[in-house]
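Counting from 1, the numbers follow the sequence of the chain as shown. Both ligands and their constituent atoms are indexed starting at 1 by order of listing. Side chains are part of it too, since the values below use all heavy atoms of this structure and drop only hydrogens, waters and symmetry mates.
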Amino acid sequence: MASVELKGLSKRYGEAVAVDDVSLRIEHGQLVCLLGPSGCGKTTTLRLIAGFIEPSAGEIVVGDRVLSSPSRTVPPEGRNMSMIFQSYALWPHMTVAENVAYGLKIRKLDRATIDARLKAILATARLEPLAARYPGELSGGQQQRVSLARALVVEPETLLLDEPLSNLDANLREEMRFEIRRLHDQYRYTTVYVTHDQAEAMTTADLIAVMNHGRVEQVGPPEEIYARPRSEFVARFIGGANILRGPALDDRRVAVAGIPLRTSGRRLEAGRPVTLSMRQHEIGLAVEPPATADNHLRAVVARQVFLGSVRDYTVVLEDSTELRVTAPPDRSFAAGQSVWLHLPAEQCRALAEE
Ligand code: ADP
Ligand code: MG
């Protein structure tokens, strides 16, 4: 097994740039999620790694072998990678056991080895009771486990998954996220997992690479991406952060809707425009005027939705900026009501200048 390194990787289709100068190192045994909206270049990146397409620029290095470059690309069958697509593509006329063992048979392994490996993977994927069934007799989640087992049993150097859970319903999708992470913990294949679903990435990944317009905007462990987004795009895409804008008053304070807010994060330069990000649940909501004016803003409630464990508010500042606030359900503020927002300085993060 080996690390996978993308170096300045680009893919152009005529004038259009699908993947734009992507550099990313995936250590041996790591699970990295490529996360981003539809059309941001995730599938193209995965197909480049698999060797289905050639890069326009840059290279892909696995271990110490250059597998892709504009001058030479090793075909998929020379790569020892398994790729799982959105559709599971199981063979309908073969049983679960036959589907899973197929890759071992075409590799011409001996009977005893095939049986031993098949037994182990069926147990891990919890497919033993289903071994004699045909795909048509399985639920979506069971078919997905078969497709995972089939990819894992050949002991690939690298496992590539393209939105593998998108055909499942919501409950099953949640269960399968844990399943994929569990299988990864057991086998530790170097894995690239493509998804547009933030929760899926948070559950499964060691590292998340957030993609936008063919580029990687930020790479880091899930907690770091969430806690310290570096751009407005990442702040909004991961956890739907609020964005506030205003000029810097000094190295720590920004005027938002005319009110000075103390901030955390980078040092500011007086007079420069600043963008702040702030999570929905980090904003305090009250009707009583605050004891100190510090980091408090006036707002009016525009909407409220009761979600059971929380209330989800949309509030409007005096400069018409809309913010989302999630607050405990026990107190209710009606639409039209005037409120005070508390935006703690530690959570008012100044994003990098674009
Ligand atoms: P994602 O998987 O993130 O949704 P893709 O990698 O499939 O995005 O596509 C990225 C961009 O590249 C899109 O704008 C898409 O239309 C374009 N693209 C992908 N494949 C081709 C192709 N074969 N020819 C032309 N454009 C393509
Ligand atoms: Mg895609």
Side-chain angles (χ1 to χ4, degrees), residues 4-26 31-60 62 67-70 73-76 79 81-89 140 143-144 147-148 151 158-170 172-173 176-177 180 190-205 207-220 222 225 229-240:
V4 175
E5 192 167 9
L6 315 182
K7 295 181 171 176
L9 199 65
S10 294
K11 180 65 184 177
R12 284 184 290 274
Y13 291 106
E15 293 288 285
V17 187
V19 174
D20 189 6
D21 195 20
V22 165
S23 292
L24 180 65
R25 191 180 160 82
I26 303 157
L31 192 157
V32 172
C33 268
L34 304 181
L35 173 65
S38 175
C40 72
K42 306 179 297 291
T43 295
T44 306
T45 306
L46 209 62
R47 289 168 59 79
L48 284 163
I49 299 173
F52 293 124
I53 50 177
E54 292 161 11
S56 312
E59 52 185 37
I60 298 170
V62 175
L67 293 189
S68 291
S69 71
T73 290
V74 176
R79 295 194 173 213
M81 294 179 174
S82 282
M83 182 152 169
I84 298 180
F85 304 90
Q86 247 168 281
S87 58
Y88 321 128
Q143 291 185 44
Q144 182 59 306
S147 120
L148 270 171
T158 313
L159 186 60
L160 308 174
L161 303 118
D162 192 0
E163 313 239 10
L165 306 185
S166 55
N167 284 338
L168 305 179
D169 63 44
L172 203 51
R173 206 152 58 216
M176 285 304 293
R177 286 175 200 152
I180 285 179
T190 307
T191 303
V192 186
Y193 187 119
V194 160
T195 180
H196 65 275
D197 183 318
Q198 181 212 146
E200 214 169 292
M202 296 285 226
T203 313
T204 54
L207 274 187
I208 296 178
V210 184
M211 290 187 72
N212 185 25
H213 295 307
R215 291 179 156 266
V216 170
E217 288 231 351
Q218 188 170 350
V219 184
I225 296 266
R230 279 207 296 267
S231 67
E232 185 174 334
F233 176 81
V234 175
R236 283 188 194 276
F237 194 77
I238 310 290

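- No N or O atom of Thr45 sits closer than 3.5 Å to an N or O atom of ligand 1.
- Scanning all protein heavy atoms for the shortest distance to atom 20 (N) of ligand 1 gives Tyr13 CE1, 3.4 Å.
- For atom 13 (C) of ligand 1, the nearest protein heavy atom (residue, atom name, distance) is Gly39 O, 3.8 Å.
- Under 2.8 Å from the Mg ion (ligand 2) lies no N/O/S atom of Ser38, from backbone or side chain alike.
- Lys42 places no side-chain N or O within donor-acceptor distance of the main-chain N or O of Thr195, the cut-off being under 3.5 Å.
- Summarising the contacts of atom 8 (O) of ligand 1 with Ala18, Gly214, Gly41, Ser38, the nearest heavy atom is found in Gly41.
- Side-chain atoms of Thr158 never come within 3.5 Å of backbone atoms of Met81 as a donor-acceptor pair (strictly under, hydrogens ignored).
- For atom 22 (C) of ligand 1, the nearest protein heavy atom lies under 4.0 Å away.
- Put simply, the side chain of Arg47 never gets that close to the backbone of Glu54: no donor and acceptor are under 3.5 Å apart.
- Looking at Ser166, its side chain does come within 3.5 Å of a backbone N or O of Glu163 through a donor-acceptor pair.
- Distance from atom 5 (P) of ligand 1 to its nearest protein heavy atom, with residue and atom name: Thr44 OG1, 3.5 Å.
- Looking at residues two or more places apart in sequence or on another chain, you find no side-chain hydrogen bond (donor to acceptor under 3.5 Å, both in side chains) involving Gln218.
- Considering only non-hydrogen protein atoms, atom 7 (O) of ligand 1 sits nearest to Thr43 CB, 3.7 Å.
- The shortest separation from a heavy atom of Ala16 to ligand 1 is not under 4.0 Å, leaving the residue out of contact.
- Using a 4.0 Å cut-off between charged nitrogen and carboxylate oxygen, Asp20 and Arg12 do not count as a salt-bridge pair.
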